[in-house]
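What you see below is based on every heavy atom in this structure, not just the backbone, and it leaves out hydrogens, waters and symmetry mates.
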Amino acid sequence: MRYTFLLYSDPADFAEMTQEDWGEMQEVYGAYIGALQEAGVFVDTDWLQPVDTATTVTLKGGSKTVQDGPFAETKEKLGGYFVIDVPDLDAAMAWAEKCPAAKMGKVEIRASQMGDGA
């Protein structure tokens with residue numbers, strides 16, 4: 001079963017980070033990705049550009065509306081995601097607990113509507 005981890009954090013928590021801090025964070029995430037790959041559950045990941053670069057489009061109501069920025073104003077922002085393929089929700093939760101994002105923000109776990117991706 002495929003699960004997507006949506007990684008949320010408060011951008012203010014990163015405002016004072018140095019280049020060294022960013023390098024350490026990349027190493028921590030690299031190790032996590034390596035563990036997912038070694039376990040054979042890794043499918044995909046991406047670290048998204050800052051939320052102020054977002055564009056939101058809707059055709060609701062029959063006309064196109066384009067909005068600069070995210071669709072919702074919230075303190076915590078979606079910063080990236082992981083997609084994994086594991087047997088069940090318990091296994092997904094175990095991997096979410098190991099995700100570095102869980103220490104600085106929140107990891108939302110969503111099961112794929114399309115099943116196991118096979």
Which atom of [X] lies closest to which atom of [Y], heavy atoms considered:
{"X": "Glu97", "Y": "Ala102", "value": "O-CB, 4.4 Å"}
{"X": "Pro100", "Y": "Val28", "value": "CG-CG1, 3.4 Å"}
{"X": "Asp21", "Y": "Glu16", "value": "OD2-O, 4.2 Å"}
{"X": "Met93", "Y": "Ile109", "value": "CG-CD1, 3.6 Å"}
{"X": "Ala92", "Y": "Val86", "value": "N-CG2, 3.7 Å"}
{"X": "Phe14", "Y": "Ser9", "value": "CE1-OG, 3.2 Å"}

Next item on the list: Give a yes or no on whether a salt bridge exists between Glu108 and Lys106, defined as a side-chain N under 4.0 angstrom from a carboxylate O.
Entry: no
So how far is it from [X] [atom1] to [Y] [atom2], rounded to the nearest 0.5 Å?
{"X": "Phe5", "Y": "Leu36", "atom1": "CZ", "atom2": "CG", "value": "7.5 Å"}
{"X": "Glu24", "Y": "Met17", "atom1": "CD", "atom2": "CE", "value": "8.0 Å"}
{"X": "Arg2", "Y": "Ile84", "atom1": "CZ", "atom2": "CD1", "value": "11.0 Å"}
{"X": "Lys64", "Y": "Thr58", "atom1": "NZ", "atom2": "OG1", "value": "11.5 Å"}
{"X": "Asp85", "Y": "Phe42", "atom1": "CG", "atom2": "CZ", "value": "12.0 Å"}
{"X": "Leu6", "Y": "Leu48", "atom1": "CG", "atom2": "CG", "value": "9.5 Å"}

Verify the cluster assignment for [X] and [Y]: are they in a single hydrophobic cluster under the rule of side-chain heavy atoms below 4.5 Å apart?
{"X": "Met104", "Y": "Trp95", "result": "yes"}
{"X": "Trp47", "Y": "Ile33", "result": "yes"}
{"X": "Val41", "Y": "Val83", "result": "no"}

Check: Got a sec: does the CD of Gln37 have more than 12 other heavy atoms crowding it under 6.0 Å?
Finding: yes
Note to self: Could you walk me through whether Asp44 and Tyr81 satisfy the side chain to side chain contact (heavy atoms under 4.5 Å, CB included) test, starting with their C-alpha distance in whole Å, then the side-chain angles of each, then the deciding distance to 0.1 Å, before giving a yes or no?
What the structure shows: CA-CA 8 Å; Asp44 194 16; Tyr81 67 87; 3.2 Å; yes
Next item on the list: For the pair Tyr3 (side chain) and Leu89 (backbone), establish whether a donor and an acceptor sit closer than 3.5 Å, ignoring hydrogens and angles.
Entry: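 The answer is yes, because a donor-acceptor pair under 3.5 Å joins these two groups.
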Notebook entry, point to check: Would a distance-only check, ignoring hydrogens and angles, find a side-chain to backbone donor-acceptor pair under 3.5 Å from Asp68 to Thr55?
Noted result: no
Margin query: Angle between ring planes, Tyr29 versus Phe82, binned at 30° and 60°: parallel, tilted or perpendicular?
Written below: parallel
